[in-house]
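Everything on this sheet refers to the single structure shown next.
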Number of protein chains: 2
Amino acid sequence: MNPNKIPDIIVGRLPIYLRALQRMADRGLKTTSSQELGEHVGISAAQIRKDISQFGEFGKQGTGYSIQFLMDNLREILKIDQIWDVIVVGAGDMGSALVHYQGFQNRGFRVVMIFDSDKSKVGKKIGEFVVEDIVNMLEKIKSLNIKLAMLTVPAVAAQEVADKLVVAGIKAILNYAPVSLNVPMNVKVQYIDPSVHLQRMTYYL
Amino acid sequence: MNPNKIPDIIVGRLPIYLRALQRMADRGLKTTSSQELGEHVGISAAQIRKDISQFGEFGKQGTGYSIQFLMDNLREILKIDQIWDVIVVGAGDMGSALVHYQGFQNRGFRVVMIFDSDKSKVGKKIGEFVVEDIVNMLEKIKSLNIKLAMLTVPAVAAQEVADKLVVAGIKAILNYAPVSLNVPMNVKVQYIDPSVHLQRMTYYL
DNA sequence: CCGTATTTGTGTTGAATTGCACAAAACAAG
DNA sequence: CTTGTTTTGTGCAATTCAACACAAATACGG
């Protein structure tokens, strides 16, 4: 089926490359090299070449890479040559910040709905959205065929809500709740926990 | 000095273990095993044992680990057997959410100040804090001997602000701006970019 | 057209990380 | 006290990941 499985660790670096390329393009640059790109993202040139070459031959010897061409290809590889609808679950400060976040534009994502179980929040406006009741979540996810969710509920509720998301057909969860989630193998989870990230640095102080 | 250097990848898992242990302790549990902990965090029991054994012998054969004892030791290893003062730079939605975030309590951190360069934000109240002018940042960081910063400024300003933080003596930056930062080797950076995290998952859809 | 300088893609080597398996320790039950 | 069960810590093997180094392709200046 899939001839050569790409390691997660390589896939994980592609968005970093893409982000740096996007900034180069914004500055009006047309081409770059693995060397230059590597200096921007703090990764060795050899590694960048190997990573990119897993997916095809996108560069030219002597010249390097066309920034636009490489961006187009990375977007297609990452399946963000389209806009994905994303829901936010949990209408607290973090959920609100994500609704207002401008950084999804041009990166492949669009927040389309925000849910909460707290009746005092349901019906309130956050940005351009009205907070929806979580009891209607399954139905809404299914009818809009949404695959991505960002989870910003309290830790104690996170697993329970994640289970509901999985049942509703969500395939990828960006989890802001400070707990590890248990989900089926075919559902991906990425974790964002500021305390964990800070703790990874205090060790070195 | 340090006889055996611990790989970053192991250090990176310790906060995950600690977080799971904290939840076990909250539920009143007293002991656990590498097996049980592994099921909670999705990591093999053998790996957890190896990781922990890098720092000493904290378990008992036949019994497993005392949750409280292991937590105490992990906290000491990660140097969070103290409360670190952290500043927020950038008083937008994300900076505001971080100021209000309850998840730093009991995890080793405390937000003590928030800065912005936008004169229309300086002086405004966010939570219990008044937004400080970024021109006073160096002085404040030095006088309070702050080592940790969370960066929530726009991408175009991030490198410039990071440079200032480094000059001021900041040793660890949690960067929410969607750019790779260039900092001296003795300064650590961790990245949080929701778009990057989502893009790491769309590949698999 | 020729020589020099770049830069990719990749085969090979080396390092880092993970998985396996088991002796030794601790406990529980009878 | 003995036997059976649990579980750690770790040596060794296997796998994964990163670095090195270079042939081949391209560009460019004269």
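Within every chain, numbering begins at 1; the chains are lettered A, B, ... in the order of the sequence lines, protein sequences first and strands thereafter.
- When rounded to the nearest whole Å, the span between CD of Glu39(B) and P of dT7(D) equals 11 Å.
- Between the C1' atom of dT10(C) and the CZ atom of Phe58(A) lies a distance of 16 Å, rounded to the nearest Å.
- Rounded to an integer number of Å, the gap from Gln47(B) CD to dT10(D) P is 16 Å.
- Between Leu37(A) atom CG and dT7(C) atom P there is a gap of 13 Å when expressed in whole angstrom units.
- Counted by atom type alone, Gln68(A) and Asp72(A) present one or more donor-acceptor pairs between their side chains at under 3.5 Å.
- Atoms CG and CG, from Leu181(A) and Leu165(A) in turn, are 9.5 Å apart once rounded to the nearest 0.5 Å.
- Taking atom CD of Glu57(A) as the reference point, atom C1' of dT10(C) lies 10 Å away to the nearest angstrom.
- Taking atom CD1 of residue Ile9(B) and atom C1' of nucleotide dA18(D), one finds them 13 Å apart after rounding to whole Å.
- Which of dG9(C), dA27(D), dT8(D) sits closest to the side chain of Thr63(A) comes down to dA27(D).
- Inter-residue side-chain proximity for Val88(A) and Phe115(A) is flagged as unmet; no heavy-atom pair is nearer than 4.5 Å.
- At dT18(C), one or more side-chain N or O atoms of Arg13(B) fall inside 4.0 Å of OP1 or OP2 (strictly under the cut-off).
- For Arg49(B) and dT17(C), the CZ to C1' distance is 16 Å, given to the nearest whole Å.
- The base of dT7(D) is not paired with the side chain of Gln61(B) by any donor and acceptor separated by under 3.5 Å.
- In this model, the phosphate group of dA19(D) is approached by a side-chain N or O of Ser44(A) to a distance below 4.0 Å at OP1 or OP2.
- For the residue pair Asp51(B) / Gln47(B), no side-chain donor-acceptor distance below 3.5 Å is found, with atom types taken as modelled.
- One N or O donor and one acceptor, one from the side chain of Lys50(B) and one from the base of dG11(D), sit under 3.5 Å apart.
- The line from CD1 of Ile170(B) to NZ of Lys142(B) is 11.5 Å long, rounded to the nearest 0.5 Å.
- Note on Tyr65(B): every side-chain N or O is 4.0 Å or more away from OP1 and OP2 of dT6(D).
- Both Pro7(A) and Ile52(B) lie close to DNA chain D; mapped to their nearest nucleotides by heavy-atom distance, the more 5′-ward contact belongs to Ile52(B).
- Within 4.0 Å (heavy atoms only), Ile10(B) reaches no atom of the nucleic acid at all.
- One can place CD1 of Ile48(B) at 11 Å from P of dG19(C), the figure rounded to the nearest angstrom.
- Note on Ser34(B): a side-chain N or O is less than 4.0 Å away from OP1 or OP2 of dT8(D).
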